[in-house]
Amino acid sequence: LSENSLQAYISDLTIFFNFIEAEDCDDWEDVDRFVILDFLESCQDQGMQTSTLARKLISIKMLFRYLLKEKVIEVNEVELMDSPRLWRMLPDYLSAKEVEALVQSFEGNDHLSRRNRAIIELMYSCGLRVSELCSLRVDAVDFEQSFLRVKGKGNKERLVPFGSVA
């Protein structure tokens, strides 16, 4: 897992532990699906997004799998709980005119302007995440074949073609 994912799971479980402590659950067997539903409802009442609630439930499910494996609990009631529905929304994107204006904003011919134009062009033409671009190494670029070897989420590697402008 990425460092960001690990930190998110740690944060989720810390908040969950504080909640069950406040609910006077002294034993793991006291923490049933209703306590977890109350926890998720309290998070929702605080205005958390559905995606955040889904991640919190995943964190709790992983914890309960561990507790079952270690024989701290006998039954994992959480395993069958459904995640909150996630709405699949298309991400915001820039129009071709906006991308052109962004690229043109680095007009100079100095090293910094050329580098910035290359960054924007590469991100746009290859659909790279900022983190993927930041971790891109020169040896991952095949200039002859016009391909990048990109490591994405979950450390998964993929080949991405890039055009002559990029």
Side-chain angles (χ1 to χ4, degrees), residues 1-19 33 36-66 78-166:
L1 298 175
S2 74
E3 186 62 33
N4 288 341
S5 295
L6 289 173
Q7 290 305 316
Y9 292 145
I10 289 168
S11 172
D12 292 343
L13 291 177
T14 301
I15 293 167
F16 179 62
F17 293 155
N18 291 336
F19 180 84
R33 64 184 331 115
I36 294 166
L37 287 171
D38 288 345
F39 168 70
L40 294 173
E41 187 177 324
S42 76
C43 291
Q44 187 175 27
D45 291 345
Q46 295 172 26
M48 290 185 191
Q49 302 268 334
T50 307
S51 57
T52 304
L53 296 174
R55 191 198 64 230
K56 287 185 182 310
L57 181 56
I58 289 169
S59 300
I60 294 167
K61 283 183 173 187
M62 289 190 302
L63 169 67
F64 273 76
R65 277 186 213 134
Y66 173 78
V78 183
E79 193 62 40
L80 299 177
M81 289 180 71
D82 287 333
S83 291
R85 296 264 183 236
L86 295 177
W87 291 97
R88 295 286 178 192
M89 308 255 322
L90 291 175
D92 289 334
Y93 60 91
L94 300 175
S95 68
K97 217 177 216 183
E98 291 170 322
V99 171
E100 187 63 33
L102 185 59
V103 171
Q104 296 299 324
S105 68
F106 302 104
E107 291 178 354
N109 203 20
D110 58 291
H111 293 301
L112 193 58
S113 295
R114 290 188 0 227
R115 183 208 61 185
N116 291 343
R117 272 196 310 275
I119 286 172
I120 298 301
E121 192 64 50
L122 202 58
M123 284 182 66
Y124 176 69
S125 66
C126 295
L128 298 179
R129 295 177 180 92
V130 173
S131 61
E132 293 171 339
L133 181 75
C134 290
S135 63
L136 191 62
R137 296 172 38 102
V138 175
D139 62 357
V141 181
D142 184 336
F143 290 101
E144 289 181 20
Q145 301 292 321
S146 298
F147 275 93
L148 302 174
R149 198 172 53 253
V150 178
K151 284 200 179 185
K153 284 187 169 184
N155 219 20
K156 293 178 186 167
E157 193 172 272
R158 68 183 193 280
L159 289 177
V160 181
F162 63 90
S164 60
V165 176

Just how far is it from atom [atom1] of [X] to atom [atom2] of [Y], taken to the nearest 0.5 Å?
X: Ser125; Y: Ile120; atom1: OG; atom2: CD1; result: 11.0 Å
X: Cys134; Y: Arg129; atom1: SG; atom2: CZ; result: 13.0 Å
X: Ser131; Y: Asn4; atom1: OG; atom2: CG; result: 8.5 Å
X: Asn18; Y: Leu13; atom1: CG; atom2: CG; result: 11.0 Å
X: Glu41; Y: Gln46; atom1: CD; atom2: CD; result: 11.5 Å
X: Leu148; Y: Glu157; atom1: CG; atom2: CD; result: 11.0 Å

For [X] against [Y], the heavy-atom pair lying closest together:
X: Leu63; Y: Phe17; result: CD2-CE2, 3.7 Å
X: Ser42; Y: Phe19; result: OG-CE1, 3.8 Å
X: Ser59; Y: Tyr9; result: OG-CD2, 2.8 Å

Are [X] and [Y] side-chain neighbours, meaning at least one heavy-atom pair lies under 4.5 Å?
X: Val150; Y: Cys126; value: no
X: Phe39; Y: Ile60; value: yes
X: Val138; Y: Val141; value: no
X: Phe16; Y: Ile36; value: yes
X: Leu159; Y: Asp142; value: no
X: Met81; Y: Leu37; value: yes

Legend entry - Check: Thr14 side chain, Ile10 main-chain N or O, donor-acceptor pair, under 3.5 Å: yes

Quick check on [X]: does its [atom1] atom have over 12 non-hydrogen neighbours (other residues, nucleotides or ligands) under 6.0 Å away?
X: Tyr66; atom1: OH; value: no
X: Lys151; atom1: NZ; value: no
X: Gln49; atom1: CD; value: no
X: Arg158; atom1: CZ; value: yes

Inset, instruction - Any salt bridge (charged side-chain N to carboxylate O under 4.0 Å, His left out) involving residues 42-60? Give me the pairs, sequence neighbours left out, ordered by first then second residue. - result: Asp12-Arg55, Asp12-Lys56

Inset, instruction - With sequence neighbours excluded, give me every salt bridge (charged side-chain N to carboxylate O under 4.0 Å, His left out) pair touching residues 95-109. - result: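 Of all non-adjacent pairs touching residues 95-109, none passes salt bridge (charged side-chain N to carboxylate O under 4.0 Å, His left out).
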
Inset, instruction - For Asn116 and Ile119, run side-chain contact (heavy atoms from CB on, under 4.5 Å): C-alpha distance rounded to whole Å, both residues' side-chain angles, the deciding distance at 0.1 Å, then the answer. - result: CA-CA 5 Å; Asn116 291 343; Ile119 286 172; 4.2 Å; yes

